Asks: 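Dropping the structure in here first, questions after.
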Protein chains: 2
Amino acid sequence: MTAARAVTTTPKRRGAVSRGDGQPPSAPLELTLQAEDYLKAIYELEREGDAAGTNALADRLDIAAASVSGMLQRLARLGLVKTERYHGTRLTAAGRAVALQLIRRHRIIESYLVARLGFAWDDVHDEAERLEHAASPQLIEAMARVLGNPTADPHGAPIPTASGEIAERELASLAALDVGASARVAGVNGRDPRLLRYLGERGIRPGVKVRIESREPFDGPIVVTVGREKQAISPGAAAHVRVEPKAP
Amino acid sequence: MTAARAVTTTPKRRGAVSRGDGQPPSAPLELTLQAEDYLKAIYELEREGDAAGTNALADRLDIAAASVSGMLQRLARLGLVKTERYHGTRLTAAGRAVALQLIRRHRIIESYLVARLGFAWDDVHDEAERLEHAASPQLIEAMARVLGNPTADPHGAPIPTASGEIAERELASLAALDVGASARVAGVNGRDPRLLRYLGERGIRPGVKVRIESREPFDGPIVVTVGREKQAISPGAAAHVRVEPKAP
DNA sequence: CAGAAAAGTTAGTACGTACTAAAATACGGT
DNA sequence: ACCGTATTTTAGTACGTACTAACTTTTCTG
Ligand SMILES: [Mn+2]
Ligand SMILES: [Mn+2]
Ligand SMILES: [Mn+2]
Ligand SMILES: [Mn+2]
């Protein structure tokens with residue numbers, strides 16, 4: 001017999017970092033950094049489509065598809081995910097709760113770094129990507145309190161509440177607006193710092209008012225008025241800018 | 001052949017969390033959270049004695065001695081540690097540098113949590129123990145800047161500089177002071193939150209002036225004047241209080 | 001609808017980290 | 001010098017995570 005160990009008692013979940021939650025009540029549910037990131041990625045892919053595909057996940061996480069398959073089975077075993085063999089993966093309610101808490105941590109951290117520690121908005125994502133796994137609920141709530149419980153991160157993405165509610169809005173893309181239309185920038189999609197910096201330098205940030213002046217054919221530039229300046233940006237870049245259409 | 005992989009090219013250091021340092025220059029040296037904690041523990045044990053013993057390490061890290069043996073071999077292979085078989089382990093210069101940077105991160109984080117996020121001094125250690133592995137140099141320096149580059153953490157321990165210098169002072173213990181002697185509290189050793197809270201509630205904190213009023217025999221209580229109140233504390237607790245003896 | 005391409009899974013391996021059990025070494029005291 | 005205890009190391013195992021290669025299933029496409 002291999003010692004009465006891996007029977008019922010959870011053996012301390014190797015590799016998982018205890019964040020001081022995981023109270024006795026019901027399930028401790030200590031997840032590794034990797035598992036958490038998978039769940040977040042599945043959440044995002046589910047939002048921008050249907051069930052999350054293995055390859056799409058592999059792509060986003062920069063991990064081989066075979067490895068993703070394996071992890072998905074582990075997550076399924078933990079009841080965090082439901083995979084329809086060969087047809088994609090969805091979060092269970094439990095998995096979604098974990099993902100939303102992680103997203104809350106991520107976005108509050110990003111907000112705090114920008115508001116209190118002088119970080120640029122294009123420079124916070126990677127830092128948050130690591131800290132989100134280490135920060136205790138106590139720390140997160142302290143940051144949120146200091147910031148006055150913000151509801152959106154520096155990129156305009158909504159911050160889930162501590163109880164896991166999120167105000168996801170369906171927004172148009174700047175690239176899809178008609179010529180002549182006005183809109184308010186709600187946020188910028190995309191985690192690429194270069195894109196964020198580029199847009200930021202041109203004044204395209206959450207809250208700013210924009211107006212489409214013209215659009216060139218053959219995927220040509222879109223000319224937008226931002227503040228009192230005109231900017232010509234590519235449809236590719238514009239596609240990442242989410243806007244809230246506005247009356248005249 | 002098993003594919004030309006684990007030959008010379010470091011294969012991305014599995015399990016290590018990239019903190020955005022690890023520049024191309026010379027060695028990337030991406031360490032896991034565990035390796036970092038071992039190095040820190042070795043540093044501390046070396047300070048309070050000679051070479052760090054395997055059992056002492058196992059004890060401090062709450063890990064089986066056999067596992068420690070294994071990790072020490074890995075750290076030795078990485079050139080961070082030098083083990084004299086059966087006779088303890090010391091840090092190499094490289095290992096000490098890693099340890100000091102980690103300690104810097106830890107102590108700046110603790111300082112920041114207390115100064116800016118309303119944490120109690122007995123409540124920051126565990127948080128820092130995790131964040132120290134995730135925080136980038138950029139974040140650490142931003143925190144330090146905001147605090148005005150503190151030189152000691154909330155427990156009075158010195159903070160190494162960014163270049164790895166530390167001002168370790170040999171201090172007396174409160175338990176060792178003579179009756180009638182006055183001293184300034186320099187810091188409190190010990191990571192046990194209960195001890196910290198206990199001492200804090202009695203006004204025993206870094207910077208405070210104390211005077212030994214009496215000491216009972218048979219390991220009896222030590223009576224100390226703190227501010228205008230007298231406190232009777234056990235020699236065990238007093239042993240953790242480091243003091244700087246003072247003229248009259 | 002057949003065949004090819006795309007998407008996904010399995011098999012086999014590696015590595016970091018941890019554990020227990022057992023063996024080796026060191027050391028203090030007689 | 002010898003013995004028993006304490007310390008340390010080795011051996012063998014487990015598990016999470018990742019990889020490549022090979023296979024299977026699904027989905028397009030002509
Ligand atoms: Mn982000
Ligand atoms: Mn992450
Ligand atoms: Mn500490
Ligand atoms: Mn640590």
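Chain naming here is simple, since letters A, B, ... match the order of the sequence lines and numbering starts at 1 in each. Small disclaimer: the values here were computed from a predicted structure and weren't measured.
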Asks: Which nucleotide in the set D:dA11, D:dT27, D:dA18 lies at the smallest distance from any side-chain heavy atom of B:A66?
Replies: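 In terms of side-chain proximity for B:A66, the closest of D:dA11, D:dT27, D:dA18 is D:dA11.
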Asks: Send over the distance from A:N55 CG to D:dT27 P, rounded to a whole Å.
Replies: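 These atoms are roughly 13 Å apart.
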Asks: Please report the distance, rounded to the nearest Å, between CG in B:L57 and P in C:dA18.
Replies: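 The distance from CG of B:L57 to P of C:dA18 comes to 12 Å, rounded to the nearest Å.
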Asks: Looking at every strand, decide which applies to A:G70 at a 4.0 Å heavy-atom threshold: base, sugar-phosphate, or nothing.
Replies: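 No contact.
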Asks: Taking the minimum atom-to-atom distance to the side chain of A:T32, which one of D:dT8, D:dT27, D:dT17 wins?
Replies: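 Of the candidates, D:dT17 comes closest.
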Asks: Round to a whole Å and report the spacing from CG of A:D37 to C1' of D:dA18.
Replies: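 Rounding to the nearest Å, CG of A:D37 and C1' of D:dA18 are 15 Å apart.
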Asks: When you check the phosphate oxygens OP1 and OP2 of D:dT27, does a side-chain N or O of A:H87 lie under 4.0 Å from one of them?
Replies: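 Answer is yes, contact under 4.0 Å.
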Asks: I'd like to know if A:R242 and A:E48 make a salt bridge, using a cut-off of under 4.0 Å between side-chain N and carboxylate O.
Replies: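 Salt bridge absent between A:R242 and A:E48.
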Asks: In whole Å, I'd like the distance from the CZ atom of A:R74 to the P atom of C:dT10.
Replies: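 Distance check: A:R74 CZ to C:dT10 P gives 13 Å.
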Asks: Over how many whole Å does the gap from B:L45 atom CG to D:dT8 atom P extend?
Replies: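 Going from CG in B:L45 over to P in D:dT8 covers 11 Å.
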Asks: Would you kindly compare A:A64 and A:Y86 by the position of their nearest DNA chain D nucleotide and give the one closer to the 5′ end?
Replies: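 Taking each residue's closest nucleotide, the earlier one in sequence belongs to A:A64.
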Asks: Is the closest basic N to carboxylate O distance between A:E129 and A:R191 below 4.0 Å?
Replies: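 Looking at A:R191 together with A:E129, the answer is no, because their closest N to O distance does not fall below 4.0 Å.
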Asks: Do B:R19 and B:E132 sit within salt-bridge range, that is, some charged N less than 4.0 Å from a carboxylate O?
Replies: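 No.
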Asks: Among D:dT8, C:dT9, D:dA18, find the nucleotide with the atom closest to the side chain of A:M71.
Replies: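 The nucleotide sitting nearest to the side chain is D:dA18.
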Asks: Is there a donor-acceptor pair closer than 3.5 Å between any side-chain N or O of B:T92 and the backbone N or O of B:L80?
Replies: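 Present.
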Asks: Rounded off to whole Å, could you give me the CG-to-P distance for the B:L61 and C:dC19 pair?
Replies: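 Value for this atom pair: 10 Å.
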Asks: On the nucleotide C:dG8, are OP1 or OP2 found under 4.0 Å from the side-chain N or O atoms that A:S69 carries?
Replies: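 Answer no for this pair, as no side-chain N or O of A:S69 is under 4.0 Å from OP1 or OP2.
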Asks: Would you indicate which nucleotide in D:dC19, C:dA18, D:dT8 comes nearest to any side-chain atom of B:T54?
Replies: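 Minimum distance to the B:T54 side chain belongs to D:dT8.
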Asks: Among D:dT9, C:dT10, D:dC19, which nucleotide has an atom closest to any side-chain atom of B:R85?
Replies: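 Looking only at heavy atoms from C-beta outward on B:R85, the closest nucleotide is D:dT9.
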Asks: Round to the nearest Å and state the distance from A:Q34 atom CD to C:dC15 atom P.
Replies: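 Atom-to-atom, A:Q34 to C:dC15, this comes out as 18 Å.
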Asks: Expressed as a whole number of angstroms, how long is the span from B:Y38:OH to C:dG16:P?
Replies: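 Whole-Å distance recorded here is 13 Å.
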Asks: Scan A:H155, A:R197, A:R194 and name whichever one has a side chain to side chain donor-acceptor pair (under 3.5 Å) with A:D122.
Replies: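 The single option meeting the side chain to side chain donor-acceptor pair (under 3.5 Å) with A:D122 is A:R197.
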